[in-house]
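Note sheet for the following structure.
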Amino acid sequence: MTAPEAPKPPLLAVDHLTMRFGGLVAVNDVSFRVAKGGITALIGPNGAGKTTVFNCITGFYRPTEGRIALSTGPDLSAPALDRLTGSSNRHIRDGAHDIYLLERMPGHEITANARVARTFQNIRLFTGMTCLENLLVAQHNALMRASGYTILGLFGSPGWRRAEDHAVERARGWLERIGLIDRADDPAGDLPYGDQRRLEIARAMLTDPLLLCLDEPAAGLNPRESAALSILLRSIRDRDGVSVLLIEHDMSVVMEISDHVIVLEYGVKISEGSPDWVREDPKVVAAYLGVEDDEIDVAARELEA
Amino acid sequence: MSGPGSDGRTAPQKEPFAVVPALKEALLTGLVTFGLAFPILAYRTEQDLSNRLVIEPRWALAFTAAGLAFALRLIWLFGQSRRSLGPPAAPRVLSPLAGKILSRAGLAILLSYPFLAVWITGPAGAIKWIDNFGIQILIYVMLGWGLNIVVGLAGLLDLGYVAFYAVGAYSTALLSTHYGLSFWLCLPLAGIFAALWGIILGFPVLRLRGDYLAIVTLAFGEIIRLVLINWVDLTNGYAGISSIPRPTFFGLPFNASETGFAATFGLEFTPLHRLFFLFYLILALALLTNWVTIRLRRLPIGRAWEALREDEIAARALGIDTVVTKLTAFAIGAMFGGFAGAFIAARQAFISPEMFVFMESAVILAIVVLGGMGSQLGVALAAVAMIGGTELLRELDWLKAVFGTDFDPTQYRMLLFGLAMVLIMIWKPRGLISDREPTIALGRTKSISGALVKEGHG
């Protein structure tokens, strides 16, 4: 029942990514592609380097070695990318499209220009601000331009008012979509855990990303909330056309929604492919679930479930 | 029970205040105090004329102390019983109309304050009330509001705010004495210079956070002061700069001359005219600070400041340039400090480095923290309490009736003041108004409990 993988053009190409912290090699020569319009899962045991890869992609770490390229065009064309890599620039315009080298960009520009958004393993909402305010902060850069970098906004120009209304409408749309419209004016810190997770995803989506990186979005959710999350992530892929890269431990979510799975262990990529392919890969079973014989059966049964 | 807290929910059963046990406990407190006071206060050894030690009984003092302890304990117990039985605090929702009426009323009182002062205390007595209370408090309200942008909204702990105040004051003093620029030209220039210094300071220090940022800003404040002291050629060192031209009323000076304000308008000359003018000037400047801050909070830049205070990493992940955002907070906060500095230079007509010591930064920061970080009303109330309070404590002459005629109440002013601050921080650790008002709402605005609002880490 292995579904043939549709050859989708890559949005993000990670090549030979290495991240060292002193003597510790957290990520060692990892290369992979994130397909446009797909859901790619990054899995692996604890300490495999998944979050480090995330932090490199989103600019929180500067990788020791390697290239992280993102293209807004239909494909990462080799000549333009090579030209960019050879230069000292961060960005090149290839025809009608842009190619960015994320490892050269500061974190906020990766979100603002290359349009990569992320969420965090331990939720990072602005707890003292309302849900609506959280979603407006996400639209900061667009609103800054609309407010004439504050000058026009200070005097309440009509253009700014229209832009603000539009931003509020977008936020309202997302609040309705994640079922939090009734709590729009409540502080984000007052929401239950599962709602906070969804609000953080909505907030990341309102930065208008091409690639949404989710760090363990199902952590701490009950089965019902996990199922709702799967539906939300699929709708983000299908309805919004946003590619998703996620780290996840909840195998039911990974197997259900991923188009492509990448497995890391000790900072090295040990397998990748469709969920079914990865699930059967003996290396993955051994690495991800531990090699002790008595444990493997239990874990394998868990996987089947 | 009625009141805003009991909408629909059942208030806990209110027991009557248990008088007898409270009296017993208060009596015990009084007795213990008397026991302690008896050996310490009741007798005092004095030398008489022939240098012999004699014992002077002071029983009244001991009884006073015991009585005071009794009364305070009783009041405390009463307060405790009220608090534990009161209804659970419901989120306070001030209707927009009530808020509007309240702020209009406050504005009306402020606008009529100098006239009220003259009406109540007469022209001679009014000088103290307008100058020492009105103008002095408003200066600190404005400084508090300026620092509130940096500390309260952006969450950057700045211990050197007085540096920008000094930059504003010295640029006004130097520009007006050397180049003869009028106050009205110096005012915006002072703001621009202070904002520039805010950016110059901001660039190197904004990568620091929390305690480190506080230490570096503290050092910056000291550096500015030391430069002012030691660059004698420019600043005249400790001697300061004197005879700074006073602000004029659109070119009309406040003096008794033919072309003065009083003569032009056919009024009898009185020094009150200038005080009135200064009062309305600082009131306008403070209200401008308030208006700009309220507007900025509702703009993307203000929300970005608050987001930065709440969680800098998350703000960065949303594409907010944290360096630029912090710099704007520093620069705008500094600009208002510069305006206040320009005002103080013109008001005093004399400035010296002694006016810009660390104590000033500490007082301004205390106003912001005491008022509740981020709350405009809280900061204003705290400025009134702190500056007005210390001024009021000058008038403690009645204490002489209690402690004898050789008791000097002014010496205890700062002690009482410190005690009051400790008590307020115990009673309201997050400041007088700790709740945060959301900047926008789909439905009804509900204030956010201070417990959820972060204080920022730098």
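The chains referred to below are lettered A, B, ... by the order of the sequence lines, with proteins before strands, and numbering in each begins at 1. What you see is a predicted model, and the numbers here were worked out from it, not measured in a lab. The figures that follow rest on heavy atoms only: side chains count, while hydrogens, waters and symmetry mates do not.
- Across B:V453, B:T328, B:I301, B:I320, the residue that shares the most heavy-atom pairs under 4.5 angstrom with chain A is B:I320.
- For A:F54 and A:F60, the ring centers are positioned 6.0 Å apart or more.
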| field | Derivation and outcome, side chain to side chain donor-acceptor pair (under 3.5 Å), residues B:R316 and A:T111 | value | CA-CA 8 Å; B:R316 189 148 60 107; A:T111 309; over 6 Å; no
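- Most heavy-atom pairs under 4.5 Å with chain A: of the set B:V292, B:L296, B:I313, this distinction falls to B:I313.
- Salt bridge status for A:D165 with A:R162: absent, with no side-chain N to carboxylate O gap under 4.0 Å.
- Counting heavy-atom pairs under 4.5 Å between each of A:L143, A:T119, A:L132, A:T207 and chain B puts A:L132 at the top.
- With a threshold of 4.5 angstrom between heavy atoms, A:T58 does not approach chain B through any atom at all.
- B:E306 has a carboxylate O that lies under 4.0 Å from a charged side-chain N of B:R309, or vice versa, which qualifies the two as a salt bridge.
- If you tally non-hydrogen atom pairs under 4.5 Å between each of B:A441, B:A307, B:P438 and chain A, the highest count goes to B:A307.
- Of the atoms belonging to A:E164, it is side-chain heavy atoms, and not backbone ones, that fall under 4.5 Å from chain B.
- Interface remark: A:R203 contributes backbone and side-chain atoms alike to the contact with chain B (heavy atom separation under 4.5 Å).
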| Hey, mind stepping through B:T439 and B:R303 against side chain to side chain donor-acceptor pair (under 3.5 Å) and telling me if it holds? | CA-CA 8 Å; B:T439 56; B:R303 293 206 188 97; 2.8 Å; yes
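- Contact of A:D185 with chain B is made through backbone and side chain together, with heavy-atom distances under 4.5 Å.
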| field | Audit row: A:H249, A:N46, side chain to side chain donor-acceptor pair (under 3.5 Å) steps and yes/no | value | CA-CA 9 Å; A:H249 278 302; A:N46 282 331; 3.2 Å; yes
